[in-house]
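Taking it in order: structure first as structure tokens, then the write-up.
Not measured: the values here are computed from a predicted model. Every chain is numbered from 1 and lettered A, B, ... according to where its sequence line falls, protein lines coming before strand lines.
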Number of protein chains: 2
Amino acid sequence: MAVPSSVSVTPTASPLFLRENEVRRGVELLFFGYTRLTRAIDEGLAEQGLGRAHHRALYFIARQPDLPISTLLKILAITKQSLGRVLTDLGDRGLVETRTGNVDRRQKLLRLTPEGIQFEAQLFDALRSSLASAYAAAGQESVTGFWRVLEGLIPAKDKAMVVALQKDM
Amino acid sequence: MAVPSSVSVTPTASPLFLRENEVRRGVELLFFGYTRLTRAIDEGLAEQGLGRAHHRALYFIARQPDLPISTLLKILAITKQSLGRVLTDLGDRGLVETRTGNVDRRQKLLRLTPEGIQFEAQLFDALRSSLASAYAAAGQESVTGFWRVLEGLIPAKDKAMVVALQKDM
DNA sequence: GAAGATGGGACAGCCATATTGACGTATCTT
DNA sequence: AAGATACGTCAATATGGCTGTCCCATCTTC
């Protein structure tokens with residue numbers, strides 16, 4: 001992709017970005033795309049009596065084992081109480097376990113149990129199959145653009161958090 | 001994953017679409033991008049004592065004036081009861097009005113009142129400013145890719161509905 | 001014209017997921 | 001020793017979904 005990141009944005013393209021229809025198209029595609037992707041895993045979650053909130057926690061714990069609760073709270077941007085219930089449910093089902101932090105003993109580090117790893121992988125398969133087919137249909141250049149636009153939607157103050165998740169890529 | 005060793009594989013070829021990190025990146029960017037975009041309008045909604053469910057209805061009514069309720073139900077994919085409460089709230093605030101269909105008198109066609117138009121436009125401004133800056137930062141080619149991938153996430157049976165929204169583009 | 005399908009409204013009750021505010025305990029920092 | 005931080009927990013509340021049931025008006029079909 002030839003986007004001159006070192007150069008100031010060229011004004012020639014700017015009329016496009018101010019037109020209402022382009023914005024509405026993005027809003028709608030994001031709405032439908034996001035909701036359809038999340039629906040792909042509802043069935044698997046329901047089998048365990050879990051909801052989407054549980055999956056979000058499961059997902060980020062899978063992504064960053066030994067994640068402290070405070071970090072997960074920042075990622076999910078929900079309250080401690082809301083997350084508490086979710087983690088209790090996941091713990092009760094033997095999907096998530098905690099260990100006391102060795103650097104800071106106040107922390108509880110979250111990780112998936114073997115059963116949790118397997119369950120998350122099963123849910124992830126549904127996400128992968130949806131996204132992989134969308135990627136394949138759109139082509140690699142489109143995927144890069146897809147990422148770039150979404151990155152632009154994330155406020156600067158949150159960007160470090162997202163980058164941290166992807167540092168191993 | 002079995003890659004035929006007789007074929008030379010470039011790092012950008014099809015295996016890209018099966019690799020876990022690319023999928024996880026998409027999942028995460030969609031999550032953060034979508035949630036951040038929706039947060040952009042929460043404040044404006046709260047001023048009216050409304051929530052995101054109200055905005056979704058408002059948005060699609062703005063997009064397709066004289067929309068029958070049954071169509072809106074398909075778009076939002078929620079139950080009649082859930083939508084009913086939302087529409088009652090919007091009607092009570094004088095943002096939405098209904099008229100009896102002239103083709104089919106059982107139908108109630110939804111449209112925004114002048115106040116509703118103004119309010120939706122105000123919320124839309126927040127969406128526009130977020131999306132427009134993401135578009136501008138990513139560049140026009142990226143925007144096309146962004147659309148393409150999201151379109152690929154929408155199941156075939158829903159695609160006609162989305163296209164219908166955008167037929168005037 | 002009668003029967004059935006469809007569009008819409010309304011009742012009651014339930015569930016999942018989020019919120020605020022307050023308070024307690026263990027541990028780390030200064 | 002004092003204060004900040006990480007985590008847990010209580011109680012109360014709001015939002016936005018859901019199911020099931022029943023109703024009425026209107027359109028379609030035979």
Which is true for B:Gly84 with a 4.0 Å heavy-atom rule: it touches a base, it touches only sugar-phosphate, or it touches nothing?
nothing
Closest nucleotide of DNA chain C for A:Arg52 versus for A:Lys80: which of these residues is on the 5' side?
A:Arg52
Would a distance-only check, ignoring hydrogens and angles, find a side-chain to backbone donor-acceptor pair under 3.5 Å from A:Tyr34 to B:Leu150?
no
Would you say a side-chain N or O of B:Arg105 is under 4.0 Å from OP1 or OP2 of D:dT28?
no
Rounded to whole Å, how long is the line connecting atom CZ of A:Arg106 with atom P of C:dA26?
14 Å
More than 12 heavy atoms from other groups under 6.0 Å of CZ on A:Arg52:
yes
D:dA25, OP1 or OP2 - any side-chain N/O from B:Lys108 closer than 4.0 Å?
no
Is it the case that the base of C:dG21 and the side chain of A:Gln81 share a donor-acceptor contact (distance under 3.5 Å, atom types as modelled)?
yes
So, B:Glu28 and A:Tyr59: side-chain donor and acceptor under 3.5 Å apart, yes or no?
yes
Base, sugar-phosphate, or nothing for A:Arg85, non-hydrogen atoms under 4.0 angstrom?
base
Spacing between A:Asp42 atom CG and D:dC18 atom C1', to the nearest angstrom
13 Å
OP1 or OP2 of D:dG16 versus the side-chain N and O atoms of B:His54: is any pair under 4.0 Å?
yes
Closest nucleotide among C:dG8, C:dA18, D:dG17 to the A:Arg56 side chain
C:dA18
Are any side-chain N or O atoms of A:Thr113 and backbone N or O atoms of A:Gly94, one a donor and one an acceptor, separated by less than 3.5 Å?
yes
Would you say A:Thr79 places a side-chain N or O within less than 4.0 Å of OP1 or OP2 belonging to C:dT19?
yes
Hey, does A:Ser70 reach any base, or is it just sugar-phosphate, or nothing, if we go heavy atoms under 4.0 Å?
sugar-phosphate
Residue pair B:Lys74/A:Val86 against DNA chain C: nearer the 5' end by closest nucleotide is B:Lys74
